[in-house]
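Each remark here refers to the structure printed beneath this line.
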Amino acid sequence: MTQGLHQLMAVTGSWAYLVVGLMACAETAALIGLVVPGELTLLMAGFLAFTGQVSLPLMMVAAGVGAVAGDSISYRIGRRLGPRVRDSRLGRRVSAERWDRTEDYLRRRGGPAVLLGRWVGLLRALVPMLAGMGRLPYGRFLAYGVPGGLVWGAGTVGLGYAAGSSYELVERISGRVGLLVAGGLVAVAAAGLGVHRLTRPRTPVAAEYVRATSSGRQVKR
């Protein structure tokens, strides 16, 4: 996978920044991050900046903006589609127990969960969508999501840059414990297809389930 990403990221100019922005966006948007190696792509982008193939500041901006955009997309999908997301093909990749634990985590911590969840792989993919499903106010969501996304995106690229020749070691560490520091076209196509499938007309059973769920628990302000 590393070799393939290196070939993908070897493109020069504006295309490299576009790919990184899209992959950072896909990390949380519509659960695509469950199957797309967005974090690894950002590390690779930092490594390429270290070798002088791309601009480090521009790459950090692209990653940060992409991460914030992905959070907002995920929030909007969760707010509009609600529980149907959990029943989608990607949603079923996550066990019901993990969905429930993440929902409970968000309910207990509210807005700060959006910021803290950005640094944990599974929470990063689930929290923005659950925030929308739980009707966390969008302004409060942005208050925590924007700084979290910017720092995570820029920080991940920066970590890849700082690793330099030790990139392989950083990749192994980040895969095990997550980043503790404060294709792209395929991801967009997959997200678009997923949204299309989720927005298809509901069956009577699904509609009844959504109505029943919408009258249940909501995230506290």
*Would you confirm whether Ser72, through its side chain, and Ala69, through its main-chain N or O, come within 3.5 Å as a donor-acceptor pair?*
no

*Heavy-atom donor-acceptor pair, Ser74 side chain to Met129 backbone, under 3.5 Å*: yes

So which atom in [X] and which in [Y] form the shortest heavy-atom distance, rounded to 0.1 Å?
X: Pro147; Y: Leu142; result: CD-O, 3.8 Å
X: Gly149; Y: Ala67; result: O-CB, 3.5 Å
X: Ala16; Y: Val54; result: CB-CG1, 4.0 Å
X: Leu130; Y: Glu103; result: CD1-N, 3.7 Å

*Please walk me through it: do Val114 and Leu136 pass side chain to side chain contact (heavy atoms under 4.5 Å, CB included)?*
CA-CA 10 Å; Val114 177; Leu136 182 72; 4.1 Å; yes

*Partner residues of Arg101 under the side chain to side chain donor-acceptor pair (under 3.5 Å) criterion, sequence neighbours left out*: none

[X] side, atom [atom1]; [Y] side, atom [atom2] - distance, nearest 0.5 Å:
X: Thr102; Y: Leu126; atom1: OG1; atom2: CG; answer: 4.5 Å
X: Asp104; Y: Trp99; atom1: CG; atom2: CH2; answer: 15.0 Å
X: Leu43; Y: Leu48; atom1: CG; atom2: CG; answer: 11.0 Å
X: Ile77; Y: Thr28; atom1: CD1; atom2: OG1; answer: 9.5 Å
X: Glu27; Y: Glu39; atom1: CD; atom2: CD; answer: 6.0 Å

Do [X] and [Y] have side-chain heavy atoms sitting under 4.5 Å apart?
X: Ile73; Y: Cys25; result: yes
X: Tyr17; Y: Val61; result: no
X: Leu42; Y: Leu159; result: no

*With Tyr75, which residues qualify under ring-ring contact (aromatic ring centres under 6.0 Å, His included), at least two apart?*
Tyr138, Phe141

*Quick one: list whatever passes ring-ring contact (aromatic ring centres under 6.0 Å, His included) with Tyr161, sequence neighbours left out.*
Phe50

*Looking at Arg118 and Asp71, does any basic side-chain N land under 4.0 Å from a carboxylate oxygen?*
yes

_One pair to check against side chain to side chain contact (heavy atoms under 4.5 Å, CB included): Met133 and Arg79. What are the steps and the verdict?_
CA-CA 5 Å; Met133 292 169 61; Arg79 190 177 184 91; over 6 Å; no

*Following the transitive rule for hydrophobic clusters with a side-chain heavy-atom cut-off under 4.5 Å over Ile, Leu, Val, Met, Phe, Trp and Tyr, establish whether Leu56 and Val65 coincide in one cluster.*
no

*asked:* Would you say Met60 ends up clustered with Val151 if hydrophobic residues are merged whenever their side chains have heavy atoms under 4.5 Å apart, either directly or through other cluster members?
replied: yes

*In chain order, what residues pass the side chain to side chain contact (heavy atoms under 4.5 Å, CB included) check against Leu150, with sequence neighbours excluded?*
Val68, Val146

*asked:* As a quick check of understanding, evaluate side chain to side chain contact (heavy atoms under 4.5 Å, CB included) for Leu116 and Tyr105, giving each step before the final call.
replied: CA-CA 11 Å; Leu116 298 175; Tyr105 169 73; 3.3 Å; yes

_List the residues meeting salt bridge (Lys or Arg N to Asp or Glu O under 4.0 Å) with Arg98, not counting sequence neighbours, and say none if there are none._
none

_Residue pairs involving residues 43-61 (criterion salt bridge (Lys or Arg N to Asp or Glu O under 4.0 Å); sequence neighbours excluded)_ = none

